[in-house]
Amino acid sequence: MSVKPVILIVDDDKNTRDGLQRALQRSYDVRVAESSEAALQILGKESNVDVMLSDLRMPGVDGLGLLRRVHAQHPSTVCILLTAYGSVEIAVEAMKQGAYDFLTKPINLDHLDMLISRAIKSRDMEQKVVSLESQLNEKYGMENITGESIAMKQVFDIIQQTAPTQASVLIQGPSGTGKELVAKAIHRLSTRSKGPFVAVHCAALSASLLESELFGHEKGAFTGAEILRKGRFEMADGGTLFLDEVSEIDPSVQVKLLRVLEERIFERVGGQNSIEVDIRVIAATNRDLREYVAEGKFREDLFFRLNVVDIILPSLKLRDGDISLLVDRFLKEFSEKNGKIFDGITADAVSLLQAYSWPGNVRELRNTIEKMIVLGRGERLTVRDVPANIREASSGYALGSRATVLGGGSLADTEERKIMAVLNKNRGNKTRAALELGISRRTLHRKLREYAVREAE
Ligand SMILES: Nc1ncnc2c1ncn2[C@@H]1O[C@H](COP(=O)(O)OP(=O)(O)OP(=O)(O)O)[C@@H](O)[C@H]1O
Ligand SMILES: [Mg+2]
């Protein structure tokens, strides 16, 4: 049995109240009040009133006054006003104060019925949008990025400072470190958050496909182009364009990309008309893009366009203390998702996870916890639930160096952590970072190359 919508009728005239109640009680659960004060009392007690039908002229607080209060205190109740003195001015005023609609007496019951169901539908729709929006905010705001390490705090600072600006952002970091998550957070925290977030994965497409993906094509531009197709630039108008794996863009497309970034206009493939767009670009790469520039694989001018703000995401093993936070977070997420109740994870198991090197970074940790939850049988996750490869890889390490397990890290790790932190603080500017670290730019470059090699291994 479905629950009937609840309607509250407010009128000082008994005949009107009774008449409406009789007409509506078949389809609705009806409440009646003879004054605004009585209506507010009912609304205070019952939170589920869907629609309020209120007379406009009543002694005491009148219909408009009631409307204002209901709108402020019970925003999910839709208000429809009734009056014998229908006039455009009052109607407009009532709508301004938040009334859904307005009916003049004598009331046409068919019309009223239609209005009520339309009002409920539109209210439901509105609530859905609101809840989707808050879900999205949950999903992509900064609260979705877990981390308390120095390195991540610096990343949060940069996100916060950069998000409200229109500056291009280049996010660099090894695979699985959260580059896409950061890009989405910047979008959600920006003035463009109501606009679209459009991602293009540049590595997956050949030069010509990428070109038409980005810029779109006119009908008949090439064989197979049977219809006009809008590109990602057009789709992202008013929002953010996320260019993932930007290092892999073919040089022929790099030139065209540069022009759009400089002039904010472009033409569709096979088209003559210039199209203007308002977009912000965020790019990501797991390569050292400066290296690509030095090797002539990536245009320097394009690099500077993209790299107005530089965010470097450190590999997971360099984020002191974050592993256990992430473990907790993923534990909660996946036990809810799988309907399992876990009484946490043992300290030994966490130590084992902390000692592992996590070449796949946060993504690998997330997948590992999911697997442990799905396969786990006891009430708590223990060392035995840790996948064998991780157990083996990290237990030797753990026995050999207790300090590592406790989060101290080897000397080399400490050095790398320090260097990455200073680099982030200086927004990726290696000259300034080297200065602050007291080493030469060349030494810094050498060290970064060494880390990249270790990362790859
Ligand atoms: N700090 C974090 N807190 C919570 N979840 C995270 C964090 N960083 C990454 N993740 C999760 O890890 C997974 C990988 O993140 P993401 O896709 O953003 O990485 P990426 O750097 O873009 O990787 P790739 O270079 O492989 O594309 C996602 O499921 C993401 O939600
Ligand atoms: Mg990614």
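Here the structure is a predicted model, which is why all the values come from computation and not from measurement. Heavy-atom basis, side chains included; hydrogens, waters and symmetry copies ignored.
No side-chain donor-acceptor contact under 3.5 Å links S193 to the backbone of L189. Without hydrogens or angle criteria, R319 side chain to P314 main chain gives a donor-acceptor distance under 3.5 Å. Side chain of N338 to main chain of K340: no donor-acceptor pair is present (N/O by atom type, distance under 3.5 Å, no hydrogens or angles). Looking at N361, its side chain never comes within 3.5 Å of a backbone N or O of S315 through a donor-acceptor pair. Distance alone, capped at 3.5 Å, places no donor-acceptor pair between the K179 side chain and the N286 backbone. The closest donor-acceptor contact from the side chain of R280 to the backbone of S190 lies at 3.5 Å or more, if one exists at all. Checked by atom type and distance alone, the side chain of T162 never pairs as donor or acceptor with a backbone atom of I159 at under 3.5 Å. With hydrogens and angles ignored, the 3.5 Å screen pairs a side-chain donor or acceptor of D322 with a backbone N or O of S149.
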Run the side-chain donor-acceptor check on residues 369-390: report pairs under 3.5 Å with partners two or more places apart or on a different chain.
{"unit_1": "R380", "atom_1": "NE", "unit_2": "D343", "atom_2": "O", "d": "2.9"}
{"unit_1": "T382", "atom_1": "OG1", "unit_2": "R384", "atom_2": "N", "d": "3.2"}
{"unit_1": "D385", "atom_1": "OD2", "unit_2": "T382", "atom_2": "N", "d": "2.9"}

Residues 304-311 side chain polar contacts: donor-acceptor under 3.5 Å, at least two apart:
none

Give every donor-acceptor pair under 3.5 Å between a side-chain atom in residues 112-122 and any protein atom, sequence neighbours left out.
{"unit_1": "S117", "atom_1": "OG", "unit_2": "D113", "atom_2": "O", "d": "3.4"}
{"unit_1": "S117", "atom_1": "OG", "unit_2": "M114", "atom_2": "O", "d": "3.2"}

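Identified under the salt bridge (charged side-chain N to carboxylate O under 4.0 Å, His left out) test for residues 199-211, with sequence neighbours left out: E211-K256. A salt bridge (charged side-chain N to carboxylate O under 4.0 Å, His left out) check over residues 227-241, counting only residues at least two apart or in different chains, returns the pairs E213-R229, E213-R232, E234-R268. Applying the side-chain hydrogen bond (donor to acceptor under 3.5 Å, both in side chains) rule to pairs touching residues 65-77 yields R68-Q97, sequence neighbours excluded.
A salt bridge links R123 to D50: at least one charged side-chain nitrogen sits closer than 4.0 Å to a carboxylate oxygen. A salt bridge does not link D157 to K153: none of the charged nitrogens lies less than 4.0 Å from a carboxylate oxygen. A salt bridge does not link E333 to K337: none of the charged side-chain nitrogens sits closer than 4.0 Å to a carboxylate oxygen. With respect to the salt-bridge test (charged N to carboxylate O, under 4.0 angstrom), the residues E46 and R31 qualify.
Taking E263 as the reference, R259 meet the salt bridge (Lys or Arg N to Asp or Glu O under 4.0 Å) condition, with sequence neighbours excluded. Not counting sequence neighbours, the partners of F197 by the ring pair (Phe, Tyr, Trp, His ring centres under 6.0 Å) test are H187, F242. The salt bridge (Lys or Arg N to Asp or Glu O under 4.0 Å) check on K45 picks up nothing, with sequence neighbours excluded. With sequence neighbours excluded, no residue forms a side chain to side chain donor-acceptor pair (under 3.5 Å) with R17. For D11, the salt bridge (Lys or Arg N to Asp or Glu O under 4.0 Å) partners two or more places apart in sequence, or in a different chain, are K105. Residues passing the salt bridge (Lys or Arg N to Asp or Glu O under 4.0 Å) test with E37: none are found, sequence neighbours excluded.
The aromatic rings of Y356 and W358 sit perpendicular, their planes meeting at an angle over 60°, well past the 30° parallel limit. Note: F266 and F215 have tilted aromatic rings, judged against thresholds of 30 and 60 degrees for the angle between ring planes.
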Side chain to side chain contact (heavy atoms under 4.5 Å, CB included) evaluation trace for L325 with E148: CA-CA 8 Å; L325 286 179; E148 279 181 14; 3.8 Å; yes
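Looking at Q172 and R287, their side chains never bring a donor and an acceptor atom within 3.5 Å of each other.
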